[in-house]
Undergrad: 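Provided herewith is a single structure, encoded as structure tokens, for subsequent inquiry.
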Amino acid sequence: MHSALSLNNPAGQHVRRTATFLRDHPVLTASLIPILIIIIIALIAPLLPLTDPNRANLSVRYLPPLSEAYILGTDRQGNDVVHPERNPDLFPSSVVERYEPPVRKHYVLGADSLGRDIVSRLIWGSRVSLMIGIFANVAVVLISVFFGLLAGYLGGRVDGVIMRLVDIGLAFPGLLLALLILTVLGPSVINMAVAVVLSSVPLNIRFFRGQVLTVRNAKYVEAARLLGYNNLRIMFREVLPNVMPLVITVTALNATSFFIFTAGFSLIGMGLKPPDPDWGTIMSDGLRALYEAPAVILGPTILISILAICFNIFGDEVQKILSPRESQL
Amino acid sequence: MTRYIARRLLSVIPLLIAVSIIVFGMSKALPGDPVAIFLQQADIANPELVNAMRDKYGLNDPLPVQYWTWLSLMFQGDMGESIRRGERVSDLLFRGMRNTFSVATASVALVIVVGWTMGVLSAVVHNRSWPQAITRFLAQAPVLMISIPGFAVAVFMVLIFGISLGWLPTSGVSNPREGDDVLDLAKHLILPTIGLALASVGGNWRLARNTMIEVLREDYIRMAHAKGLPLWRVYFVHGLRTTLVPLLTSAGLLFGSLLTGSFILEYIFAWPGIGLLLVESTVNRDVPVVMGATILIASMYIFLNLAVDILYAMVDPRVRYA
């Protein structure tokens with residue numbers, strides 16, 4: 001399959017090694033595929049032929065999935081006038097320019113309480129959720145690794161101060177701290193990210209501190225100290241690389257909880273300001289119409305479940321690869 | 001041991017003070033003057049009246065004085081009155097806690113009955129080398145349970161059992177037409193309990209399975225086999241006994257964390273527990289209730305962690321000197 005040329009080519013070798021790795025870990029690969037698909041679709045959303053996710057159209061309110069409506073024409077603002085019936089006489093008042101014949105429009109997952117296309121809202125909404133997830137993950141890892149290193153390696157008074165602050169953060173269980181922060185700051189994308197970061201940093205600092213403590217007295221750290229390296233160098237050049245592999249596991253686990261956090265907050269009405277979509281706001285819209293249009297809530301719920309399951313399996317698999325002995329059961 | 005307990009008890013005091021300062025600070029950082037909002041609802045926009053009411057409620061005092069008044073009143077059990085509901089905050093909290101308590105108890109019961117049983121059975125099956133498909137399933141099912149977020153489970157169940165099949169009520173604690181009926185309460189409890197407990201059922205299932213598999217490899221189990229004891233005795237008397245220790249810890253922790261309320265699930269099921277109370281008061285800017293609920297939840301959580309630490313120290317003396 002592979003020519004001799006690709007062997008000499010470092011980039012080709014890299015690709016080949018990755019491919020072999022993925023083939024050897026089929027579960028890991030399988031869990032990555034849905035995650036990647038969702039990320040790619042979110043990234044190319046502006047290129048997809050989607051209707052404006054915030055464009056309301058009350059005549060197609062709670063349209064069931066797999067149904068179609070007709071674009072009868074455009075109104076004064078140049079927006080499409082959509083109606084479930086083909087007959088233009090039913091809905092002519094606002095139409096300025098008629099289409100003859102009306103254009104068919106498909107609603108694969110139906111429309112929500114304001115007649116907005118759910119597919120479009122889901123895809124645009126995934127961008128918000130992903131942005132918060134990625135931003136929060138990077139911020140949490142940077143902050144917690146840094147303070148975990150300081151507390152764990154330096155010990156003494158620094159450790160005392162950092163850990164007392166961590167204790168205060170940990171006194172608020174689960175989402176309570178995030179709820180308080182969001183209450184004060186008010187709902188918005190950035191505030192939600194800040195709330196998620198601040199509320200999950202304490203636990204992560206404690207985790208990384210514990211990991212630093214286990215390598216702190218290793219022989220190579222002692223050697224570095226005897227060589228006269230300063231603390232900063234030892235912390236970042238000797239200790240940090242030995243804590244780094246854990247970042248992957250922590251990131252995968254955090255990713256799940258951040259998705260659930262953000263969706264949950266939007267669901268209870270503390271997340272994003274309407275009309276901007278994210279998966280939680282679509283769910284909250286669907287929660288109000290469980291009887292009329294159960295399909296509205298079903299889409300985001302299924303997507304969140306798939307993502308959560310995949311991230312969990314991914315985290316488990318990475319952990320198995322990193323510490324094979326503990327996971328033989 | 002006494003010294004350790006005393007030290008841990010003392011360490012709780014600064015933590016509680018810090019929590020109370022954060023909660024108080026939060027209430028002051030909230031945008032909007034509560035008195036003005038309140039008067040606006042009554043259609044009175046009179047600056048003099050606003051000022052008079054601010055004086056009456058002590059809102060014109062310096063912040064440390066306000067903090068001290070609030071704290072000392074709270075120690076006398078007076079957390080003030082809800083702005084929106086006109087009820088005493090302590091009454092609201094008590095009612096919320098009662099409802100959260102009932103769903104938490106039901107959840108722990110479900111975890112014990114289903115999670116532990118399935119875990120122990122999976123370990124036995126693993127040990128007896130049953131067909132791979134069954135062993136695999138028993139090992140993987142809990143992973144799935146842990147992975148699906150609780151509110152997704154809740155939504156699926158509401159759609160299936162509440163709406164499609166119409167078997168179970170999907171919101172509230174009771175049907176007003178039936179009054180205070182135990183059977184009615186039980187019916188309302190089913191869906192919230194499963195939604196709240198499913199992930200923990202999975203977690204305990206996995207924990208029970210892994211612990212029991214380890215335990216069954218011990219020498220004393222081989223000894224029991226060698227003595228010719230019947231299999232059920234080896235598994236369910238000798239093996240189960242050791243397995244129960246970590247399981248009990250996990251159930252205790254679970255109960256504690258459930259008591260602090262899951263506001264997303266309570267919101268979905270409109271279950272009037274402490275979590276729903278907190279969410280509704282937050283959305284309505286009902287500051288006294290938010291403060292009371294936060295303080296209550298945080299202090300319960302602090303004391304729960306303290307109790308766990310002390311229990312660990314009793315079991316494992318090394319912890320005391322750490």
Side-chain angles (χ1 to χ4, degrees), chain A residues 27 31 164-165 167-177 179-187 256-257 259-261 263-270 280 283-284 286-287 290-292 294-295 297-298 300-316 326-329, chain B residues 11-12 14-16 18-19 22-23 25-27 29-31 126 139 143-144 146-156 158-159 162-164 170 206 209-210 213-214 256-257 260-265 267-268 275-276 278-280 282-283 285 290 293-294 297-302 304-305:
Chain A
V27 181
S31 71
R164 288 301 81 74
L165 289 176
D167 280 344
I168 294 174
L170 288 176
F172 297 93
L175 307 173
L176 184 59
L177 193 59
L179 184 73
L180 287 187
I181 296 169
L182 268 181
T183 313
V184 174
L185 296 180
T256 327
S257 64
F259 265 108
I260 299 172
F261 267 36
F265 277 114
S266 293
L267 175 67
I268 60 173
M270 294 295 298
M283 282 184 77
S284 119
L287 197 59
L290 283 172
Y291 283 92
E292 300 102 300
I297 201 168
L298 211 52
T301 315
I302 291 176
L303 276 179
I304 289 173
S305 308
I306 292 175
L307 260 189
I309 292 171
C310 288
F311 270 123
N312 253 319
I313 295 176
F314 177 73
D316 272 4
E326 280 169 31
S327 35
Q328 270 173 357
L329 289 177
Chain B
S11 75
V12 160
L15 211 52
L16 285 174
V19 166
I22 289 178
V23 171
M26 179 213 73
S27 75
L30 280 178
H126 177 90
V143 178
L144 202 66
I146 298 166
S147 302
I148 305 181
F151 63 81
V153 176
V155 167
F156 292 138
V158 165
L159 288 177
I163 290 173
S164 288
T170 58
R206 190 162 67 172
R209 175 179 178 274
N210 292 357
I213 287 176
E214 290 276 325
S257 68
T260 57
S262 159
F263 43 85
I264 295 171
L265 277 177
Y267 180 84
I268 292 179
L276 185 66
L278 184 63
V279 170
E280 284 181 347
T282 316
V283 173
R285 304 249 156 208
V290 176
T294 313
I297 294 175
S299 4
M300 280 192 331
Y301 198 64
I302 290 173
L304 170 80
N305 283 330

Undergrad: Going by side-chain hydrogen bond (donor to acceptor under 3.5 Å, both in side chains), name the residues that satisfy it together with A:S266, two or more places apart in sequence or in a different chain.
TA: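 By the side-chain hydrogen bond (donor to acceptor under 3.5 Å, both in side chains) rule, A:S266 matches A:D278.
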Undergrad: Using non-hydrogen atoms and a 4.5 Å limit, figure out which bit of A:L287 sits close to chain B: side chain, backbone, both or neither.
TA: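 Side chain only.
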Undergrad: Are A:F259 and B:P149 packed together at the side-chain level, in the sense that at least one heavy-atom pair is separated by less than 4.5 angstrom?
TA: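 They are not in side-chain contact.
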Undergrad: Measuring heavy-atom distances to chain A, does B:L159 have an atom under 4.5 Å in its side chain, in its backbone, in both, or in neither?
TA: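 For B:L159, the contact with chain A is made by the side chain alone.
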Undergrad: Given side chains that start at C-beta, do those of A:L170 and B:N305 come closer than 4.5 Å, heavy atoms only?
TA: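 Sidechains of B:N305 and A:L170: no contact.
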Undergrad: Supply the atom-to-atom distance B:E280 CD to A:I268 CD1, rounded to the nearest 0.5 angstrom.
TA: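 The CD atom of B:E280 sits 10.5 Å away from the CD1 atom of A:I268.
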Undergrad: Which value, rounded to the nearest 0.5 Å, describes the distance between B:I146 atom CD1 and A:D316 atom CG?
TA: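 Output value for this atom pair is 8.0 Å.
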Undergrad: Which atoms of B:V158 are under 4.5 Å from chain A, going by heavy atoms: the side chain, the backbone, both sets, or neither?
TA: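 Interface part for B:V158: side chain.
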Undergrad: Where do A:T301 and B:F151 land on the side-chain contact (heavy atoms from CB on, under 4.5 Å) test, with the steps shown first?
TA: CA-CA 8 Å; A:T301 315; B:F151 63 81; 5.6 Å; no
Undergrad: On a heavy-atom basis, which atom in A:S305 and which in B:I148 lie closest, and how many Å separate them?
TA: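 Shortest heavy-atom contact: OG-CG2, 4.0 Å.
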Undergrad: Supply the atom-to-atom distance B:I264 CD1 to A:L175 CG, rounded to the nearest 0.5 angstrom.
TA: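 Separation between the atoms: 5.0 Å.
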Undergrad: Less than 4.5 Å to any heavy atom of chain A: does that hold for the side chain of B:L16, its backbone, both, or neither?
TA: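 The answer is neither part of B:L16.
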Undergrad: May I ask you to test the A:L176-B:Y301 pair for a side-chain heavy-atom distance under 4.5 Å?
TA: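 Counting from C-beta outward, A:L176 and B:Y301 never come under 4.5 Å.
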Undergrad: I want to check something: taking the side chain as every heavy atom from C-beta on, are B:L15 and A:D167 in contact at a cut-off of under 4.5 Å?
TA: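 Sidechains of A:D167 and B:L15: in contact.
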Undergrad: Does A:T183 have any side-chain hydrogen bond (donor to acceptor under 3.5 Å, both in side chains) partners at least two apart in sequence or in another chain, and if so, which?
TA: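 With neighbours one apart ignored, the set is empty.
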Undergrad: On a heavy-atom basis, which atom in A:V184 and which in B:A29 lie closest, and how many Å separate them?
TA: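 Shortest heavy-atom separation between A:V184 and B:A29 comes out as CG1-CB, 3.8 Å.
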Undergrad: Just so I know, are the side chains of A:F172 and B:T294 near enough to count as touching, which here means a heavy-atom distance under 4.5 Å?
TA: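 Yes, their side chains come closer than 4.5 Å.
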Undergrad: For the candidates A:G264, A:A308, A:P187, A:P173, which exhibits the highest count of non-hydrogen atom pairs separated by less than 4.5 Å from chain B?
TA: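 Ranked by heavy-atom pairs under 4.5 Å with chain B, first place is A:P173.
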Undergrad: Counting heavy-atom pairs under 4.5 Å with chain A, which one of B:A152, B:S164, B:S147, B:A139 comes out on top?
TA: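 Between B:A152, B:S164, B:S147, B:A139, the count favours B:S147.
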Undergrad: Heavy-atom pairs under 4.5 Å with chain A are the metric here; pick the option from B:I302, B:L144, B:V155 that has the most.
TA: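 Max contact count across the listed options: B:V155.
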Undergrad: What part of A:L307 gets closer than 4.5 Å to chain B, counting heavy atoms only: side chain, backbone, both or neither?
TA: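 Answer is neither: A:L307 stays 4.5 Å or more from chain B.
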Undergrad: Ignoring hydrogens, what is the shortest heavy-atom contact between B:Y267 and A:L267? Give both atom names and the distance.
TA: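 Minimum heavy-atom separation between B:Y267 and A:L267: CE2-O, 3.5 Å.
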Undergrad: State the CD1-CG distance between B:I297 and A:L179, to the nearest 0.5 angstrom.
TA: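 So the CD1 of B:I297 and the CG of A:L179 are separated by 9.0 Å.
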